[in-house]
Structure formats: C-alpha cells, structure tokens
J.: 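Sharing a structure with you now.
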Amino acid sequence: MLIDRSRHAPKARGRRDRGAGSLEYAALIVVAALAVGVLGSLISTTAEGHIQSAICGLFGSECGDESRNTAGDGDQEAQPREPSPSPGPPVPQPQPSQEEVETEAVLNETQLGRDALEWVEDNGVRVVYRAGGGSYYDGDANVFYIDTNQSPEERANTFVHEVNHAEHRGEPDPGDLSREDFIEQSIDEEVEGTVEAIQNNQQLQRNRGGNSPDTLLQQEYEDAYDSAIADANRARSAAGLPALDADAAREVGERAGRERVEQAFENGEVVSSVDGDTYGDNYGEAWDDANDCFLWIFC
C-alpha cells in the first residue's frame with residue numbers, strides 16, 4: 001500500500017529565505033532597543049523629579065533648588081545661591097568706668113584684694129559703680145553697689161567687705177532664728193567683713209610704705225590689738241613666763257581687735273552708709289519684715 005507522505009513532511013526552505021528572516025529579526029530588535037532607550041530617558045528625567053517631590057511631600061519637607069531644577073527642563077543649569085550676608089563689624093564692648101579701673105588697680109595691690117576680685121568673677125557677682133546711695137550687697141540680685149564718692153582705697157576696702165556678705169548669701173535666715181539671734185549673727189557678719197577690710201588696708205599700707213590713710217575702725221582695731229598683746233606679755237612676765245611668740249601674739253591681738261569692732265557696731269558707734277541707722281535697728285526691722293503676719297494668719 002502506498003502512503004502519501006506529502007501532508008506530513010515539513011516543507012523545506014531555501015538558503016535565501018533563512019538568511020532574510022534573521023536580518024529582519026535583528027533589525028526589529030535594534031529599533032525596539034533604541035525606542036526603549038529614548039523613551040526611558042524621557043520618562044527617567046520626568047519621573048525622577050516627581051519621585052523626589054513625592055518623597056519631600058511624604059516627610060513634610062520642602063525640596064531645594066536641586067529638585068526643582070531636576071523636574072524642569074533638563075537643559076537648564078542650577079542657579080547659583082545667593083552668598084550669605086556679611087556679619088558686619090564686631091559689636092564694641094562697653095568700657096569700664098574710671099572708678100572701676102581705679103578700684104581694681106588698688107585691689108590688685110593686696111592679696112586680700114586679688115582674692116576678692118577672683119571670687120566675684122568666679123561667682124558671677126555684678127558690680128555697679130555709682131555716685132551716692134552708699135555701698136552694699138544686694139543678695140537677691142547678687143549685685144554689689146559701690147559708692148564712687150569714696151576714694152579708690154575706700155572703694156577697695158568696701159569691695160573686700162561686701163565680698164564677705166556675698167560669701168554668706170542667704171545667711172542668717174530670719175525665718176529660722178529668733179529676732180535677737182538674727183540681729184546678733186547679722187552683726188557678726190558685719191564685724192567679720194569690717195575686720196577683713198581693715199586687714200586689706202593694712203596690707204596696702206605696708207606695700208605703700210605707710211602712704212595710705214586708715215579705713216573705718218582701723219585705729220580702734222589696732223589700739224585694741226596692741227593693748228591686748230601688751231597686757232598679755234606683762235601678765236606673763238609677772239608670772240615668770242616668756243613673752244608671746246609671733247603666732248600667739250597675733251591670735252591675742254586679732255581677738256581683741258575683733259571685739260572692739262563688734263562693740264562699735266553694737267553701741268551705735270558705726271551706722272549704715274545707706275540710711276544712717278544703727279545696724280541693730282536695721283537688722284531688727286529686716287527680721288520684722290520677714291516675719292510679718294497678715295491678720296495673724298499668713299505668716
């Protein structure tokens with residue numbers, strides 16, 4: 001039986017047909033690649049800008065100049081930023097007053113004065129020089145007020161005195177003490193500051209060869225100092241004992257000098273440079289003000 005194989009066998013192609021088909025496919029691939037490249041370039045430029053804008057919006061920030069330039073015409077160059085404005089000339093610092101310069105020059109002549117200046121700087125105390133009003137320390141504001149009507153030497157001694165008040169800022173507390181105890185401790189603080197001012201002036205006089213006037217209560221302090229040492233040595237001599245050595249004599253003299261200064265504050269011999277009242281009266285009024293009660297309820 002003869003079998004017809006013509007329907008089942010594949011139709012053979014000639015060499016020319018096979019070559020033409022390969023070239024056509026290659027051309028199509030090249031054209032497609034070029035089209036995709038151009039289109040991708042256009043889409044990339046536009047999409048990049050939109051994507052960046054979307055990211056900026058997502059995080060609640062504003063896009064800078066770079067994002068705006070990218071989203072626009074690709075041929076445009078980024079505009080240069082404006083230079084920052086010049087800070088201008090430095091602000092001149094206020095110059096110290098002549099009184100301040102003079103006072104600090106005197107303070108720098110003694111160890112106690114230099115220590116006082118250093119303490120004020122380290123503790124942020126503001127010093128105000130003005131004519132009149134007396135000299136005092138305002139503990140609430142942490143300010144020294146120095147009366148420039150004084151001489152430079154007296155201003156320096158006052159400065160040392162007021163540093164002692166600043167070192168005891170907030171002490172004594174009238175809310176924790178009886179009226180009598182508050183007055184006593186406040187006057188003790190005044191005495192301590194006055195003795196330090198006297199000792200500062202003594203250092204100044206020694207450094208200047210005695211060419212400087214005495215300060216407040218210095219003569220009274222020194223008279224008591226010398227008298228106490230002399231009395232102690234007479235008593236020791238009568239008892240057959242040697243005279244006091246230098247350290248012991250200094251201790252006896254300083255104790256007596258301090259007692260004399262305290263006496264001057266307690267008996268009204270010394271009054272306030274602010275209002276002319278005695279220190280006992282002023283500190284008594286300060287205690288009364290701090291402990292004043294409204295209708296005996298709000299104390």
Side-chain angles (χ1 to χ4, degrees), residues 106-107 109-116 134-137 147 150-168 171-172 180-274 276-284:
V106 176
L107 286 166
E109 293 185 50
T110 66
Q111 186 60 54
L112 280 171
R114 290 188 292 271
D115 292 343
S135 299
Y136 63 95
Y137 171 65
D147 192 342
Q150 297 175 308
S151 69
E153 290 76 17
E154 276 306 302
R155 292 199 297 267
N157 293 327
T158 298
F159 195 102
V160 171
H161 177 103
E162 298 305 328
V163 165
N164 176 70
H165 285 306
E167 289 174 340
H168 294 87
E171 302 174 0
E180 292 73 17
D181 288 342
F182 175 74
I183 294 173
E184 180 182 352
Q185 292 186 25
S186 297
I187 289 180
D188 284 345
E189 185 178 311
E190 292 289 350
V191 171
E192 182 180 347
T194 301
V195 170
E196 289 183 358
I198 291 171
Q199 292 172 344
N200 178 73
N201 201 60
Q202 289 175 328
Q203 290 181 13
L204 185 65
Q205 289 174 331
R206 286 194 295 269
N207 294 341
R208 291 182 172 184
N211 186 22
S212 184
D214 286 350
T215 190
L216 176 68
L217 294 177
Q218 181 176 346
Q219 188 61 58
E220 291 82 356
Y221 174 91
E222 292 176 348
D223 288 345
Y225 184 104
D226 294 339
S227 179
I229 295 174
D231 290 345
N233 281 331
R234 278 195 296 269
R236 292 176 64 84
S237 177
L241 298 174
L244 297 170
D245 60 28
D247 290 338
R250 183 182 309 109
E251 182 179 352
V252 169
E254 288 181 350
R255 181 170 58 249
R258 191 186 190 286
E259 290 174 353
R260 176 63 181 90
V261 171
E262 183 176 4
Q263 179 186 8
F265 275 93
E266 289 177 344
N267 64 18
E269 188 177 345
V270 178
V271 296
S272 170
S273 64
V274 177
D277 291 339
T278 66
Y279 283 87
D281 289 342
N282 278 343
Y283 284 120

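Just so it is clear, the model here is predicted, and its values are computed rather than measured.
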J.: Do Val106 and Arg208 come close enough that some side-chain heavy atom pair is under 4.5 Å?
T.: yes

J.: Is it the case that more than 12 heavy atoms not belonging to Asn267 sit under 6.0 Å from its CG atom?
T.: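 It does: Asn267 CG has more than 12 such atoms within range.
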
J.: So do the side chains of Phe265 and Thr194 get within less than 4.5 Å of each other, counting heavy atoms only?
T.: yes

J.: His161 vs His165 aromatic rings, parallel, tilted or perpendicular, using cut-offs 30° and 60°?
T.: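 It falls in the perpendicular class, over 60°.
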
J.: So, do Thr158 and Thr215 sit near enough that their side-chain heavy atoms are less than 4.5 Å apart?
T.: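 With C-beta onward as the side chain, the pair stays apart.
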
J.: Please collect all salt bridge (charged side-chain N to carboxylate O under 4.0 Å, His left out) contacts where either partner lies in residues 228-242, sequence neighbours excluded, each pair once.
T.: Asp231-Arg234

J.: Between Pro172 and Glu189, is there a side-chain heavy-atom distance shorter than 4.5 Å?
T.: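 Side chain of Glu189 against side chain of Pro172, heavy atoms only: contact under 4.5 Å found.
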
J.: Can you tell if the side chain of Val261 reaches within under 4.5 Å of the side chain of Ile198, non-hydrogen atoms only?
T.: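 Touching, per the 4.5 Å side-chain cut-off.
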
J.: Answer yes if the side chains of Gln203 and Asn207 hold a donor-acceptor pair under 3.5 Å, and no otherwise.
T.: no

J.: Are any side-chain N or O atoms of Glu162 and backbone N or O atoms of Tyr137, one a donor and one an acceptor, separated by less than 3.5 Å?
T.: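 Yes; judged by distance alone, with no hydrogens or angles, the pair exists.
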
J.: Got Glu254 and Gln199 here, is their nearest side-chain heavy-atom distance under 4.5 Å?
T.: yes

J.: So, does Ser186 use its side chain to make a donor-acceptor pair with the main chain of Phe182 at under 3.5 Å?
T.: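 Between the backbone of Phe182 and the side chain of Ser186 there is a qualifying donor-acceptor contact (under 3.5 Å).
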
J.: To check you understand the geometry: which heavy-atom pair defines the closest contact between Gly280 and Ile183, and what is its length?
T.: O-CD1, 4.0 Å

J.: Look only at the side chain of Asp147 and the backbone of Gln150, and say whether a donor-acceptor pair between them is shorter than 3.5 Å.
T.: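 Absent.
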
J.: Looking at Asn164 and Val160, would you say the former's side chain and the latter's main chain have a donor-acceptor pair under 3.5 Å?
T.: no

J.: Checking Asn201 side chain against Pro213 main chain: does a donor-acceptor pair fall under 3.5 Å?
T.: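 Indeed, once roles are kept as given, a pair shorter than 3.5 Å links the two residues.
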
J.: Got Glu192 and Glu167 here, is their nearest side-chain heavy-atom distance under 4.5 Å?
T.: no

J.: Would you check if there is a donor-acceptor pair between the side chains of Glu220 and Gln263 at a distance under 3.5 Å?
T.: no

J.: Are the side chains of Glu190 and Glu262 in touch, meaning some heavy atoms are under 4.5 Å apart?
T.: no

J.: For Glu196 and Asn200, test the side chains for any donor-to-acceptor distance below 3.5 angstrom and give the result as yes or no.
T.: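 Asn200 and Glu196 do not have a side-chain donor-acceptor pair below 3.5 Å.
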
